[in-house]
Amino acid sequence: MVRPPGAVDWEMTASAFLLDCCPPDFRLYPVLRRHPVVLARFAARSLEGQAKAVETGVAEVRTELGPWVAPEVVEQAIDAWQRFGALLPRTQRAVDLVERALRGEEFMPTL
């Protein structure tokens, strides 16, 4: 859970969230651990790449796997891609909000 901007340790919670949205190897780069705004940009780009991978995966799964697995397995693979892809927009939105907050943008509550 990311604490609100300005709260104690909010950037630490933001960084932890962002690292959870990234490939595990991102934890190895000191620049990403020291600079949350850099990490946020990396996380956003990584999620964009995942979204493209979902599109490609769904489009090509039949031709790439069809000759080697049963049709029902192909359908299950498509379903897995689609389920994974369905979660991405919410995560992308959350990363975007965290990145904007790290850059100093202030948000006003809406009714």
Side-chain angles (χ1 to χ4, degrees):
M1 174 183 217
V2 178
R3 293 185 182 153
V8 175
D9 293 332
W10 99 265
E11 285 190 2
M12 186 175 71
T13 63
S15 291
F17 164 74
L18 292 168
L19 283 168
D20 286 345
C21 295
C22 294
D25 287 353
F26 279 27
R27 295 175 188 276
L28 301 175
Y29 300 101
V31 68
L32 301 180
R33 296 186 67 78
R34 279 191 231 120
H35 301 281
V37 72
V38 176
L39 175 59
R41 186 80 313 249
F42 272 59
R45 289 290 183 223
S46 177
L47 290 167
E48 288 173 13
Q50 289 179 40
K52 289 178 184 175
V54 168
E55 289 177 30
T56 303
V58 169
E60 296 177 350
V61 73
R62 283 185 174 84
T63 57
E64 290 180 340
L65 296 176
W68 293 276
V69 298
E72 62 271 11
V73 175
V74 170
E75 294 307 315
Q76 291 170 2
I78 291 169
D79 183 60
W81 271 124
Q82 291 172 334
R83 286 175 184 257
F84 177 69
L87 299 174
L88 287 174
R90 186 174 74 189
T91 305
Q92 287 174 303
R93 174 79 174 136
V95 167
D96 178 61
L97 290 170
V98 170
E99 181 177 16
R100 289 167 50 197
L102 287 166
R103 292 176 183 238
E105 188 171 334
E106 293 184 22
F107 301 94
M108 298 295 167
T110 55
L111 299 175

Participant: Side chain to side chain contact (heavy atoms under 4.5 Å, CB included) with R27: which of L32, L39, D20?
Facilitator: D20

Participant: Checking A51 now: which residues fulfil side chain to side chain contact (heavy atoms under 4.5 Å, CB included) with it, not counting sequence neighbours?
Facilitator: L88, Q92

Participant: Test of understanding: clusters of I, L, V, M, F, W, Y form through side-chain heavy atoms closer than 4.5 Å, transitively. Do L87 and I78 belong to the same one?
Facilitator: no

Participant: Test salt bridge (Lys or Arg N to Asp or Glu O under 4.0 Å) on E99 and R103 and set out the steps.
Facilitator: CA-CA 6 Å; E99 181 177 16; R103 292 176 183 238; 2.9 Å; yes

Participant: Same cluster for V31 and F17 if Ile/Leu/Val/Met/Phe/Trp/Tyr side chains link at under 4.5 Å?
Facilitator: yes

Participant: What residues form a side chain to side chain contact (heavy atoms under 4.5 Å, CB included) with D25, not counting sequence neighbours?
Facilitator: L28

Participant: Could you report the tightest heavy-atom contact between P36 and R34, atom names first, then the distance?
Facilitator: CD-O, 3.5 Å

Participant: Could you note down all residue pairs passing ring pair (Phe, Tyr, Trp, His ring centres under 6.0 Å) where residues 40-86 supplies at least one of them, sequence neighbours left out?
Facilitator: F26-F42

Participant: So does E106 have more than 12 non-hydrogen atoms from other groups sitting under 6.0 Å from CD?
Facilitator: no

Participant: Just wondering, do C21 and S46 contact through their side chains at under 4.5 Å, heavy atoms?
Facilitator: no

Participant: How long is the straight-line distance from CZ of R41 back to CG of L18, given to the nearest 0.5 Å?
Facilitator: 11.0 Å

Participant: Of all residues at least two apart in sequence or in a different chain, which pass the salt bridge (Lys or Arg N to Asp or Glu O under 4.0 Å) check with E105?
Facilitator: R100

Participant: Quick one: pull up SG in C22 and CZ in R45 and give me the separation to the nearest 0.5 Å.
Facilitator: 13.0 Å

Participant: Looking at residues at least two apart in the chain, or sitting in another chain, which of them share a salt bridge (Lys or Arg N to Asp or Glu O under 4.0 Å) with R83?
Facilitator: D79

Participant: Please say yes or no: joined through hydrophobic side-chain contacts below 4.5 Å, possibly via intermediate residues, are V95 and M12 part of one cluster?
Facilitator: no

Participant: If two hydrophobic side chains count as joined below 4.5 Å and joins carry through other members, does V73 share a cluster with V61?
Facilitator: yes

Participant: Please identify each residue that fulfils salt bridge (Lys or Arg N to Asp or Glu O under 4.0 Å) with E55, with sequence neighbours left out.
Facilitator: none

Participant: With distance as the sole test, does T13 use its side chain to make a donor-acceptor pair with the main-chain N or O of W10 at under 3.5 Å?
Facilitator: yes

Participant: Locate the shortest heavy-atom distance separating A40 from L102; write the atom from each residue and the value.
Facilitator: CB-CD1, 4.0 Å

